[in-house]
Amino acid sequence: MFGATAAVGTFLVDQATKSLILAHVATLSAGVPVFPGLNLVFLRNDGVTFGLLSGAPMWSLTALALAVCGWLVVALVRTNSRMEALAYGMIIGGALGNVADRLRHGAVTDFLDVYAGSLHWPAFNMADVFVVCGAMAVLFSSSTGARQRRAE
């Protein structure tokens, strides 16, 4: 239940932030500075996280995301760890948020532009943030669990 709640919450945060961005496309197309190192922008990404696989057919990216979500649901059901449940939920919710965009708009709405000087990271969205944080949490949880098993 904890992981499912995380997935739904992640999905809702992602979709709410994208709705705010879509309500201000005209303003954000040129970019709006938030503070040094962060702009809000409006971009469409036809690839996956951080623009990877750009240009791939939409149906293939959607199918891949849904297959990964299916695998993660199985992992979520099997885990006894709240940390892993949270992590799986974050990844599932983020992936489904981007799938919803892809189905609705043909591409994913990205709006976070992080930069240092003239170097810009590829624009991303909250779904990407949740996916990356969830993946890091899975890695942290698995490495912590492995250390605990070795100590026993």
Side-chain angles (χ1 to χ4, degrees), residues 1-25 27-29 31-35 37-115 120-146 148:
M1 186 62 144
F2 186 67
T5 302
V8 170
T10 295
F11 180 84
L12 292 174
V13 167
D14 174 64
Q15 292 300 293
T17 56
K18 288 174 181 172
S19 290
L20 285 170
I21 295 304
L22 292 174
H24 301 283
V25 168
T27 304
L28 296 174
S29 291
V32 174
V34 177
F35 54 79
L38 177 66
N39 295 327
L40 291 179
V41 298
F42 169 74
L43 295 171
R44 291 282 191 196
N45 173 9
D46 67 349
V48 294
T49 304
F50 306 123
L52 298 171
L53 302 177
S54 185
M58 183 188 77
W59 64 267
S60 66
L61 298 178
T62 301
L64 175 63
L66 292 175
V68 169
C69 285
W71 176 76
L72 290 170
V73 166
V74 171
L76 173 61
V77 168
R78 291 182 177 174
T79 189
N80 295 321
S81 164
R82 285 179 62 88
M83 167 82 86
E84 287 180 11
L86 173 65
Y88 294 141
M90 290 169 61
I91 298 168
I92 292 166
L96 292 178
N98 282 343
V99 164
D101 259 29
R102 201 174 304 288
L103 293 174
R104 198 172 31 231
H105 306 293
V108 175
T109 301
D110 286 333
F111 57 90
L112 297 168
D113 173 30
V114 175
Y115 66 93
H120 289 257
W121 188 259
F124 56 98
N125 59 47
M126 290 306 296
D128 299 332
V129 171
F130 285 118
V131 167
V132 169
C133 290
M136 289 176 19
V138 168
L139 292 173
F140 176 77
S141 180
S142 64
S143 70
T144 302
Q148 288 174 346

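Along the sequence shown, residues carry numbers from 1. Quantities reported herein were computed from a predicted structural model and do not represent experimental measurements.
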What heavy-atom pair brings [X] and [Y] nearest, and what distance separates the two atoms?
X: Leu22; Y: Val25; result: O-CG2, 3.3 Å
X: Val41; Y: Ala123; result: CG2-CB, 4.4 Å
X: Ala4; Y: Leu76; result: N-CD2, 4.1 Å
X: Tyr115; Y: Phe35; result: OH-O, 4.0 Å
X: Met90; Y: Cys133; result: CE-CB, 3.5 Å
X: Gly134; Y: Ala87; result: O-CB, 3.3 Å

request  = Output all residues satisfying salt bridge (charged side-chain N to carboxylate O under 4.0 Å, His left out) with Asp101, sequence neighbours left out; order by chain, then residue number.
outcome  = Lys18, Arg104
Nearest 0.5 angstrom please: [X] [atom1] to [Y] [atom2], how far?
X: Leu96; Y: Leu72; atom1: CG; atom2: CG; answer: 9.5 Å
X: Leu112; Y: Leu40; atom1: CG; atom2: CG; answer: 6.5 Å
X: Phe11; Y: Ile92; atom1: CZ; atom2: CD1; answer: 13.0 Å
X: Phe124; Y: Leu43; atom1: CZ; atom2: CG; answer: 12.0 Å
X: Ser81; Y: Phe2; atom1: OG; atom2: CZ; answer: 9.5 Å
X: Met58; Y: Asp46; atom1: CE; atom2: CG; answer: 11.0 Å

State whether the side chain of [X] and the backbone N or O of [Y] hold a donor-acceptor pair below 3.5 Å, judged by distance alone.
X: Thr79; Y: Ala75; value: no
X: Asp128; Y: Asn125; value: yes
X: Gln15; Y: Gly97; value: yes
X: Ser141; Y: Ala137; value: no

inquiry  = I'd like to check the side-chain hydrogen bond (donor to acceptor under 3.5 Å, both in side chains) partners of Arg44; sequence neighbours left out, ordered by chain and number.
reply    = Thr109
task = Kindly indicate whether the side chain of His120, heavy atoms from C-beta on, has any atom under 4.5 Å from the side chain of Asn39.
result = yes
message = Taking ring-ring contact (aromatic ring centres under 6.0 Å, His included) as the definition, give me every residue that meets it alongside His105, ordered by chain and number, with sequence neighbours left out.
response = none
message = Using the rule side chain to side chain contact (heavy atoms under 4.5 Å, CB included), only one of Thr10, Leu12, Thr5 pairs with Val8; which is it?
response = Leu12
